[in-house]
Amino acid sequence: MNTVATQAGLEAAVAAGGPVIHVDSPADVDLWLPRRGVSLFDGGAMIHVHGRSRIVLSDGTAVAHDEATVTCGPDAVVTAGDRVTVFGSGVVNASGSAHVIADGSASVTAWDRAGVELTGAATATVSGEVSVDAAHDSRVRAGGLAQVRLRDDAMCLVRGMAPDGGVRVTTADAVWDAEEGRVYSASGDISSLTDPYTWCRMFHVATAGGVATVFKAVDAFWTTARAARVGVFYRPGTLPKAPDWVDDDAAGGGLHFSPTPFQAREVVRSCAHVVACGVLIAELRPVSDDVCKAPRVVRGCEVVDS
């Protein structure tokens with residue numbers, strides 16, 4: 001195994017273009033991975049960080065071991081185990097006794113006995129015996145035996161509790177043995193995703209004047225296979241309306257949307273465009289964590305991603 005221990009060695013290894021780079025450097029030295037301009041999930045060489053190394057990466061993919069410390073940017077993906085510490089705003093997968101401090105729009109998945117601190121608009125999906133301290137506008141999906149503390153405007157959706165116990169949610173004023181499917185807010189409010197206002201808040205859907213901005217992935221003809229069958233198109237500037245609306249989230253009728261462009265693309269993977277659409281919150285019906293439906297668009301479709 002070829003291992004680098006210095007900044008010069010790291011830069012040389014990156015320039016050489018190998019598929020894997022191992023880093024084991026002194027604990028009092030910060031190494032900086034040169035920005036490589038790679039996409040979020042196409043991270044070039046895999047960086048393995050060992051011992052008590054400290055590394056900063058803006059993009060790319062890293063696996064951290066032992067007692068390493070990784071600071072990552074929004075275009076980085078980090079997998080952390082053992083007693084690793086991760087700071088940053090990228091995508092983090094944490095297990096063991098790893099400790100994650102996430103901010104910005106970070107997305108964290110954690111299990112085992114990991115500890116997670118969330119600020120900004122960071123999100124986390126946790127299970128096992130993970131402990132979470134969620135502040136600012138962060139969001140948590142908690143299952144297993146997770147312990148979640150909520151502050152500021154943070155919220156927690158409970159999913160998949162352990163059969164021999166459950167999630168505990170703590171706010172400044174209360175402690176709950178949480179119930180499956182409920183949404184807990186730092187303010188003390190308890191709701192569920194069947195409420196459209198809660199659904200919008202939980203998934204950071206932008207709202208203004210009673211209108212929610214949701215997203216639709218469409219093909220080159222501004223529609224989808226299902227929508228085309230009922231004559232619905234999402235051309236820029238138009239206000240499509242569902243001819244088959246049923247005011248029931250279990251029924252299939254209506255126009256279907258996602259809370260983010262990324263989730264919209266996950267629903268229609270062969271999409272040519274993603275459009276933003278304004279729908280009335282009062283008419284919005286949550287279908288799942290990733291999908292809602294509405295009878296009509298009230299603010300014209302706008303291209304946000306081609």
Side-chain angles (χ1 to χ4, degrees), residues 1-7 9-10 13 20-33 40-41 43 45-120 122-136 138-151 154 156 160 162 165 167-168 170:
M1 181 176 70
N2 187 18
T3 303
V4 302
T6 65
Q7 183 66 36
L10 178 60
V20 179
I21 299 172
H22 291 274
V23 175
D24 194 347
S25 57
D28 59 349
V29 175
D30 285 322
L31 300 187
W32 295 74
L33 183 70
L40 191 61
F41 294 102
M46 176 78 73
I47 312 298
H48 283 264
V49 191
H50 303 274
R52 299 184 67 188
S53 303
R54 301 173 60 88
I55 191 168
V56 180
L57 61 155
S58 298
D59 56 22
T61 305
V63 179
H65 313 268
D66 307 321
E67 297 181 61
T69 299
V70 178
T71 301
C72 62
D75 295 320
V77 181
V78 179
T79 299
D82 301 326
R83 287 170 289 172
V84 168
T85 300
V86 180
F87 301 91
S89 55
V91 174
V92 181
N93 300 300
S95 60
S97 298
H99 186 199
V100 180
I101 302 173
D103 60 11
S105 57
S107 176
V108 180
T109 302
W111 60 99
D112 292 340
R113 297 177 182 271
V116 179
E117 297 179 44
L118 302 175
T119 60
T123 63
T125 300
V126 303
S127 57
E129 297 180 45
V130 171
S131 61
V132 182
D133 187 342
H136 297 161
S138 59
R139 300 289 183 263
V140 184
R141 288 185 179 93
L145 298 168
Q147 306 289 305
V148 181
R149 181 188 178 199
L150 300 176
R151 295 182 287 129
C156 176
V167 174
R168 175 162 289 187
T170 302

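Below, all heavy atoms of this structure are taken into account, side chains as well, without hydrogens, waters or symmetry copies. Nothing here was measured: the structure is a model prediction, and the numbers come from that model.
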Exercise for review: For D112 and S95, indicate whether the former's side chain and the latter's backbone hold a donor-acceptor pair under 3.5 Å.
Suggested key: no
Practice item. To the nearest 0.5 angstrom, please state how far the OG atom of S97 sits from the CZ atom of R113. Key: 7.5 Å
Check your understanding: D30: what forms a salt bridge (Lys or Arg N to Asp or Glu O under 4.0 Å) with it, not counting sequence neighbours?
Key -> R54
Review point. With sequence neighbours excluded, what pairs up with H48 under the side chain to side chain contact (heavy atoms under 4.5 Å, CB included) test?
Key: V20, H22, M46, H50, V63, H65
Review point. Short question: side chain of D82, backbone of D66 - any donor-acceptor pair under 3.5 Å?
Key: yes
Study note, to complete from the structure: Here the pair of heavy atoms bringing G73 nearest to S89 is C-OG, 3.7 Å
Review point. Rounded to the nearest 0.5 Å, what separation is found between the CG atom of D103 and the CD atom of E117?
Key: 11.0 Å
Practice item. Please report the closest heavy-atom contact between V84 and A80, naming both atoms and the distance. Key: CG1-CB, 3.7 Å
Point to revise | Interatomic spacing from CZ in R52 to CG in D28 - rounded to 0.5 Å | key: 9.5 Å
Study note, to complete from the structure: Quick note, ring-ring contact (aromatic ring centres under 6.0 Å, His included) partners involving residues 81-100, not counting sequence neighbours, are none
Check your understanding: Can L57 and I47 be said to form a side chain to side chain contact (heavy atoms under 4.5 Å, CB included), step by step?
Key -> CA-CA 10 Å; L57 61 155; I47 312 298; 5.5 Å; no
Practice item. Mind checking side chain to side chain contact (heavy atoms under 4.5 Å, CB included) for A102 and listing every partner two or more places apart, or none if nothing turns up? Key: V100, A106, V108, L118, A122
Review point. Looking only at heavy atoms, what is the nearest atom pair of D24 and G51, with distance?
Key: OD1-CA, 4.1 Å
Study note, to complete from the structure: Between V70 and A64 the two heavy atoms that sit nearest each other are CG2-CB, 3.8 Å
Point to revise | C72 versus G90, closest heavy-atom pair with distance | key: SG-N, 3.9 Å
Revision key, fill the gap. d(D75 CG, T61 OG1) to nearest 0.5 Å is 10.5 Å
**Study point:** Separation between OG of S107 and CG of N93, rounded to the nearest 0.5 Å
**Key:** 8.0 Å
Exercise for review: Supply the atom-to-atom distance T119 OG1 to I101 CD1, rounded to the nearest 0.5 angstrom.
Suggested key: 9.0 Å
Practice item. Can you sort out the partners of S25 under side chain to side chain contact (heavy atoms under 4.5 Å, CB included), two or more places apart, ordered by chain and number? Key: V23, L31, S53
Practice item. Quick one: list whatever passes salt bridge (Lys or Arg N to Asp or Glu O under 4.0 Å) with D133, sequence neighbours left out. Key: R149, R151
